[in-house]
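Report on the following structure.
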Amino acid sequence: MPTILHLDMDAFYAAVEQASKPSLRGRPVIVGGIGPRGVVATASYEARRFGVHSAMATAQARRLCPNAAYLAPRFDLYRRVSETVMGRLRELSPLVEPLSLDEAFVDLEAGGESDRLAGLEPAEVAEAVRGIGRELRRDIRLATGLAASVGVAGSKMLAKIASERAKPDGLVVIEPGTERALLGPLTVRTLPGVGPATAEHLRRAGIATVAEVEEAGEAELIRLLGRAHGASLYAMATGRDDRPVVAERDAKSVSAEDTFEVDLTDRAQVRAEVSRLAERCVRRLRDAGRSGRTVVLKVRRYDFSTLTRSDTLRAPTDDPAVVTETAQRLLEGVDTTGGVRLLGVGVAGLADFTQEDLFAQAAAARTADGGTGADGAAAGDGELPGAAAGPTTGPAVGAAAGPGTARTAGGPGAGAGGPPGPGGAVRSAGGRWWPGRDVRHARHGHGWVQGSGLGRVTVRFEEPDSPPGRVRTFRDDDAELEPADPLPLVPGVLPPPER
DNA sequence: TCTGGGGTCCTAGGACCC
DNA sequence: TCTGGGGTCCTAGGACCC
C-alpha cells in the first residue's frame, strides 16, 4: 500500500533566499561557498537552465551563469523554515524521519492519518493519500511560502523516486502493481547506494538499467560489489525495500572542518587551525549533550589526497583540552609538506552522557562502595577525561586566526546566519558584509548585502513582503549600517500586500 | 579558478581474547 | 610441535547521501 510519503522542498536554500529577497524572484540564484574554492549547495531552477547544479565548483557556475546572485548560505534561517515544515509533517504522523533540512519520510500508517486509510481498497488508498499530499503541499506553501514536492509509495525508495518525478512543485503517487514496470527502464543511478563508482563498476559489467540489475541476479551482484552492497542492490532493483521509517536517530559522530582559500604551509598555522577546529567540534558536541571516545583528525593535502588519523580514549570526553591535545598528537604523525588544503577534527564513538555524568557516576561508585559496585564506572576510573590529559587549560585558540588566515568558510560558513563567530576571528570572502546577509540602516531600513569590497558595501533595501527594492552603496564602516536578523518570509509570498 | 561540510555505512586487516 | 575458529575492538580508507 502507498503509505510512505517523501517530501522534498524545491531548490530549498535558493527558494528561501528568493522568498526573503523580492528582487531575486524569477532570477537565477546560487547558494553555496562563494570563495575561490566554494561549491554550489543549491541552484534555483532559473540557474539550472544555465547548467548549474549542486556540487559544482562555484567558479564554474560563475562562468556558466555570471549574472546569477551568488549568496552564502544562512543555515540558521533554513533551519527555522525547516522546523516549520517538519512540524507540518508531524501533524500527519509521529513517525517522521528527516533526512536533511529539506527532506523527510513520513509513515502515514503510524499516524492519525491511518484512520483515513483503514479498511480501504488499494485504489482508494491511493486516492486518499493523494488528498493528504495535496493538503500537505498547500499547508506548507501557506506556512512558508515555499514549494514542496511530494511522493507517496509503498517503500522509502519508491516514495523518493516518486517525489523526484513530482519535481518541481508536484505530487506523484505510485500505485501498487506498477512498481516494476516503472523501475525497469531507469538508470542504476536511481537506486539508493549507487553513486559514480558503483555505476561505473556496473557499467563495465554491462549493467546500466534497473532491469539489468535484476537480470544479473543476486549472486552476480554480490560477486561484483560485495556481500552487503550486492544484496541490498538486488533487493532494491526488485522493488523490495522494507527499511522502516525511523524517527530521531542519535548522531554517531560530530565534526568540524574547513577548507582554506590558500593551502597552509606553515606548520605552526596548521597546529593553530587544528586547535580552532577541535574547539568548534567540542562546542557542537557539548551543545548536543554528548561525549565521545574516538578523536579523528582529517587532513586534505594540496593534491587533494585525504587521510585520517584517529585515537580512541579509555573513556568518553567532551573536554576541549583533551580533544585538542589528542588532535595535536595525531597531527604530529602527519607529513604536511607541500601544503594543507583542508583540516578537520571529529569525535566519534559517542556516548549519551557528558563528562559531568561520568564524574558523578564515579563519585557515586566510590561512596556507594558496595562490593560489586566497582564495575562500569570504575573501569574508566583514573582514566576519566580531564584527569587523563596533561594541561588543564585549553590551547591558545585566541591566537588561532591570525590576520593572514584565509578561510573559505567565510562568515556564514561557520556561523550560518548567526553571528559570524565568536572572538572576532578574521573572516575572508567579504568579512562582516558577506553577500546575502540581512542588514538594517538607520535611515533606509531593512535590506541585504549585495556585494562589498574596496571599503564599500552595496545594499538592496527590501523586505520579504515589499516590492523589489533599490540599491545604495555605503562606506563599509558606516555607523548607520548594522547586521540584522532575517525577517519572516511568509507575508511577502502570500497574495501581494496592499500598499 | 576544478573539487564544501556535515554525516552514514561498509570493508579489510591486525590485535587480542577465549 | 603445529596451529583452531569465533568474536570484538580498533584503524584507515572509500563510497555514498544531502
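Throughout, protein chains are lettered first and strands after them, A, B, ... in sequence-line order, and every chain is numbered starting at 1.
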Grab the [atom1]-[atom2] distance between [X] and [N] for me, whole Å please.
{"X": "A:Arg301", "N": "B:dT3", "atom1": "CZ", "atom2": "C1'", "value": "17 Å"}
{"X": "A:Phe75", "N": "B:dG6", "atom1": "CZ", "atom2": "P", "value": "9 Å"}
{"X": "A:Asp287", "N": "B:dG6", "atom1": "CG", "atom2": "P", "value": "14 Å"}
{"X": "A:Arg280", "N": "B:dG4", "atom1": "CZ", "atom2": "C1'", "value": "12 Å"}
{"X": "A:Glu257", "N": "B:dT3", "atom1": "CD", "atom2": "P", "value": "15 Å"}
{"X": "A:Asp263", "N": "B:dG4", "atom1": "CG", "atom2": "P", "value": "11 Å"}
{"X": "A:Tyr302", "N": "B:dC2", "atom1": "OH", "atom2": "C1'", "value": "17 Å"}
{"X": "A:Tyr13", "N": "B:dG5", "atom1": "OH", "atom2": "P", "value": "13 Å"}

Base B:dT3 to side chain A:Arg37, donor-acceptor N/O within 3.5 Å cut-off: no
Salt bridge (Lys or Arg N to Asp or Glu O under 4.0 Å) contacts touching residues 222-237 of chain A (sequence neighbours left out): A:Glu220-A:Arg223
Within residues 187-201 of chain A or reaching into it, pairs that qualify as salt bridge (Lys or Arg N to Asp or Glu O under 4.0 Å) - sequence neighbours excluded: A:Glu200-A:Arg203, A:Glu200-A:Arg204
If the condition is salt bridge (charged side-chain N to carboxylate O under 4.0 Å, His left out), which residues does [X] pass it with, not counting sequence neighbours?
{"X": "A:Glu214", "result": "A:Arg180"}
{"X": "A:Glu46", "result": "none"}
{"X": "A:Arg329", "result": "A:Asp311"}
{"X": "A:Asp107", "result": "none"}

Anti or syn - C:dC2, cut at 90° from 0: anti
Under 4.0 angstrom between A:Arg300 side-chain N/O and B:dT3 OP1 or OP2: no
Interface with DNA chain B, restricted to residues 231-252 of chain A and to heavy atoms under 4.0 Å: A:Ala251, A:Lys252
Watson-Crick or G-U stems of DNA chain C, 3 or more pairs, under 3.5 Å, by first number: B:5-18 with C:5-18
B/S/- contact track for nucleotides 7-17 of chain C, protein heavy atom under 4.0 Å: ---SSSS-SSS
Toward the 5' end of DNA chain B, by each residue's nearest nucleotide, A:Lys298 or A:Leu225: A:Lys298
Toward the 5' end of DNA chain B, by each residue's nearest nucleotide, A:Ala55 or A:Ala228: A:Ala55
A:Arg137 with A:Asp169: basic N within carboxylate O range, under 4.0 Å: yes
Presence of salt bridge, A:Glu257 and A:Arg300, under 4.0 angstrom: no
Taking side chain to side chain donor-acceptor pair (under 3.5 Å) as the test, write out the residues that go with [X], two or more places apart.
{"X": "A:Thr190", "value": "none"}
{"X": "A:Ser232", "value": "none"}
{"X": "A:Arg27", "value": "none"}

C1' gap between C:dG4 and B:dC16, integer Å: 16 Å
Closest contact, heavy atoms only, A:Ala231 versus A:Glu218: CB-OE2, 3.6 Å
